[in-house]
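Below: one structure, written as structure tokens.
Here is how names work: the chains are called A, B, and so on, in the same order as the sequence lines, proteins then strands, and each is numbered from 1.
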Protein chains: 2
Amino acid sequence: MAFGVDERAAQVLRHIVEDYVATAEPVGSRTVSKKMGQALSPATIRNIMADLEEMGFLAQPHTSAGRIPTGAGFRFYIDHLLLRRSLVQGEVDRLNQAAQEGVGNASADELVRQVSRLLANLACQASVVIVSRPDEQRLRSVSLMRASADKILLVAVMQSGYVQHRLIEGEPDVTADELEKINAYLNGLAEGLTLAALRVRVRAELRREKARYDRVMHRALAMGARALADSGPGEVFVEGRANILDQPEFAEDVQRLKRVLRAFEEKSVIFRLLDRAMASQAIQVSIGPENPVEELGDVSVVASGYRQGPSAMGSIGLIGPVRMDYSRVIPLVEYTANLLTTMFGQR
Amino acid sequence: MAFGVDERAAQVLRHIVEDYVATAEPVGSRTVSKKMGQALSPATIRNIMADLEEMGFLAQPHTSAGRIPTGAGFRFYIDHLLLRRSLVQGEVDRLNQAAQEGVGNASADELVRQVSRLLANLACQASVVIVSRPDEQRLRSVSLMRASADKILLVAVMQSGYVQHRLIEGEPDVTADELEKINAYLNGLAEGLTLAALRVRVRAELRREKARYDRVMHRALAMGARALADSGPGEVFVEGRANILDQPEFAEDVQRLKRVLRAFEEKSVIFRLLDRAMASQAIQVSIGPENPVEELGDVSVVASGYRQGPSAMGSIGLIGPVRMDYSRVIPLVEYTANLLTTMFGQR
DNA sequence: TTTAGCACTCTTCCTCCGGGAGTGCTAAAT
DNA sequence: ATTTAGCACTCCCGGAGGAAGAGTGCTAAA
């Protein structure tokens with residue numbers, strides 16, 4: 001066992017974490033002793049607890065209350081002690097079903113949000129999703145459409161089913177006919193490329209076309225280049241906020257509830273966390289005090305990326321109070337992310 | 001003054017409402033007497049208050065606390081006593097600016113949500129928006145795009161700038177070329193019609209085309225008819241939930257906070273309320289207990305429709321605890337809705 | 001009809017106190 | 001050298017009791 005935590009201490013820590021997760025109350029030495037089958041007396045447990053506290057894994061709300069795990073305590077538990085609870089079949093079924101429904105008749109966005117909502121309810125936490133900037137995704141088709149007298153809308157459908165819009169300003173005098181031609185031309189270029197690759201491609205073509213003079217093509221490329229220039233900052237969806245309201249720790253402590261709810265609004269920080277999970281393609285757990293900003297000090301984020309084939313599509317996860325049942329939540333998030341990856345594989 | 005409420009009683013009610021809105025505390029006779037310039041003694045005020053309570057406009061949390069307005073009290077205040085506070089220039093400026101920015105470089109959706117977010121912050125309430133089913137909106141252009149091996153995406157851009165997707169299943173063997181032709185044909189039909197009208201038009205064409213045999217056209221129409229058949233249930237966006245967290249009435253009463261937050265999740269009920277505001281094209285105020293479901297018993301919704309030219313586009317408003325400053329909030333919502341209408345008029 | 005006066009009601013905020021939970025320490029037991 | 005029993009101590013929690021304050025309703029006088 002790492003960090004000078006011997007096996008016995010680790011088991012004590014495990015029981016404290018699990019009891020605290022279940023009850024939201026500080027855990028005393030007597031309780032732990034019982035849970036461990038009386039193999040050790042409360043007094044011994046107390047000694048171990050004192051050690052664990054010294055190492056920073058436990059804290060006491062006040063003298064003569066039990067101990068509660070600190071952020072570091074949860075971290076150690078997750079990294080070294082977690083026994084993954086296997087998912088209940090019913091949960092798996094419901095997730096699969098939601099995904100099947102979604103894949104049939106919804107856009108990629110809808111599919112993801114539907115699954116996310118269900119995940120939130122199953123885990124009794126809020127759920128959180130990001131969709132990656134589509135720069136990395138492969139295109140299925142593109143279309144330029146007249147949006148107003150002087151604006152054109154570029155619609156790009158990714159192979160994942162994700163749909164992306166970009167508004168191009170100041171193109172008053174392109175005719176419908178020309179738009180059609182441009183569409184055909186762009187589609188020829190685009191299919192199978194990523195948006196980023198298309199951007200490069202379009203720029204190259206643009207240079208080449210400068211020589212021969214073809215007004216329409218030049219237009220097409222210039223517009224394309226413009227539309228592809230910027231990529232949005234990405235969005236965060238939070239679903240199922242209400243799921244956390246019944247946690248017992250909020251019954252008296254309004255302040256904490258407010259802090260957690262405010263944390264849900266920290267979209268840009270949440271985005272960074274999920275983005276990291278997406279990049280690593282492994283499940284990521286950020287525990288309260290580990291988070292980069294103070295505002296998220298009371299919440300944990302458990303997230304995992306999902307892909308289409310080899311390319312990252314986004315990240316899905318849960319956000320809620322630090323005291324969450326990681327043994328249940330981590331497999332759940334993992335399964336859900338894999339499910340999305342499977343679903344997108346079928347597209 | 002209606003309902004047997006004489007002028008004096010009305011003024012008393014007004015002061016009670018306003019004081020309660022400002023302080024979140026029950027209001028006593030002494031306070032009212034002072035506010036009214038000592039014209040009436042506290043004892044007299046007490047008599048009037050007893051009358052108002054009998055009429056159902058006031059309530060006492062317990063004997064010997066002051067009075068607080070009931071739902072009916074707020075209703076009477078809004079209908080008969082409200083002195084609209086004129087907007088602060090700074091607020092107007094910020095709204096205008098947000099709208100100008102949005103109209104320039106964002107889709108209709110984005111524009112509306114941006115304005116909504118700002119509205120929420122200005123009012124210190126949560127804001128809420130719906131976008132109407134686009135059936136009633138006029139089309140600018142449509143495009144069919146290949147979305148996957150056996151699916152096609154219909155993208156419709158409305159004259160408002162609002163973009164609508166419909167997924168059509170089971171069209172594996174339409175070629176890119178055919179799609180282009182179909183696009184051209186549909187666009188010819190569609191421009192300037194509403195989706196509903198297009199639906200009718202397409203069905204008519206479909207009957208006519210049955211006679212002469214043109215495979216592509218028939219395809220186009222069949223697909224069009226299918227895509228247009230259903231119209232989604234409409235969406236509700238809630239922004240700025242965190243704005244209400246600091247209301248003093250929540251400092252001790254967690255239950256009430258939870259109820260209000262849960263109310264924010266009652267999307268379908270909120271939708272109905274906003275839809276009503278959209279239909280009536282006048283500002284609508286729904287006060288707590290008036291609401292159709294118990295879950296919204298603690299919140300008020302203030303909403304107003306916005307249009308593009310003559311056709312309803314959606315509805316925007318605020319949702320928050322019943323105790324809100326209607327004299328400020330109502331003009332604010334009204335202004336915002338008009339602003340959106342103006343913005344969409346420029347499209 | 002209004003108002004001053006007054007008794008009454010309730011909440012709120014102290015403080016005090018006992019019970020209980022849990023600890024840390026020490027000394028004995030293994 | 002560990003483990004454990006015993007014990008004193010600390011701190012939270014809940015209830016009791018009481019004083020202060022706010023506000024009311026009623027009555028009788030202006």
Any-strand Watson-Crick or G-U partner of C/dC25, both distances under 3.5 Å: D/dG6
Residue met sooner reading DNA chain C from 5', once B/Pro61 and B/Ala39 are mapped to nucleotides: B/Ala39
For atom CG of B/Leu40 and atom C1' of C/dT1, their distance in whole Å: 11 Å
Rounded distance in Å - CG (A/Asp6) to C1' (D/dT2): 13 Å
Closest non-hydrogen atom pair, A/Arg323 against A/Phe74: CA-CZ, 4.1 Å
What does the list of N/O pairs under 3.5 Å between the protein and nucleotides 20-30 of chain C look like, with a distance for each?
{"residue": "C/dT23", "atom": "OP1", "partner": "A/Ser29", "partner atom": "N", "Å": "3.3"}
{"residue": "C/dT23", "atom": "OP2", "partner": "A/Ser29", "partner atom": "N", "Å": "3.3"}
{"residue": "C/dT23", "atom": "OP2", "partner": "A/Ser29", "partner atom": "OG", "Å": "2.6"}
{"residue": "C/dG24", "atom": "OP1", "partner": "A/Arg67", "partner atom": "NH2", "Å": "3.1"}
{"residue": "C/dG24", "atom": "N7", "partner": "A/Arg46", "partner atom": "NE", "Å": "3.1"}
{"residue": "C/dG24", "atom": "O6", "partner": "A/Arg46", "partner atom": "NH2", "Å": "3.2"}

Check ion pair B/Arg84-B/Glu334 (N to O, under 4.0 angstrom): yes
Whole angstrom value for the distance that separates C1' of D/dA22 from CD of B/Glu25: 11 Å
Donor-acceptor pair between A/Ser286 and A/Arg276 side chains, under 3.5 angstrom: yes
Lys/Arg N to Asp/Glu carboxylate O, A/Arg259 vs A/Asp253, below 4.0 Å: no
Side chains of B/Arg14 and B/Gln11, donor plus acceptor under 3.5 Å: yes
Residue from B/Val17, B/Leu52, B/Val12 passing side chain to side chain contact (heavy atoms under 4.5 Å, CB included) with B/Phe57: B/Leu52
Rounded interatomic separation in angstrom, taking CE from A/Met36 and C1' from D/dT3: 14 Å
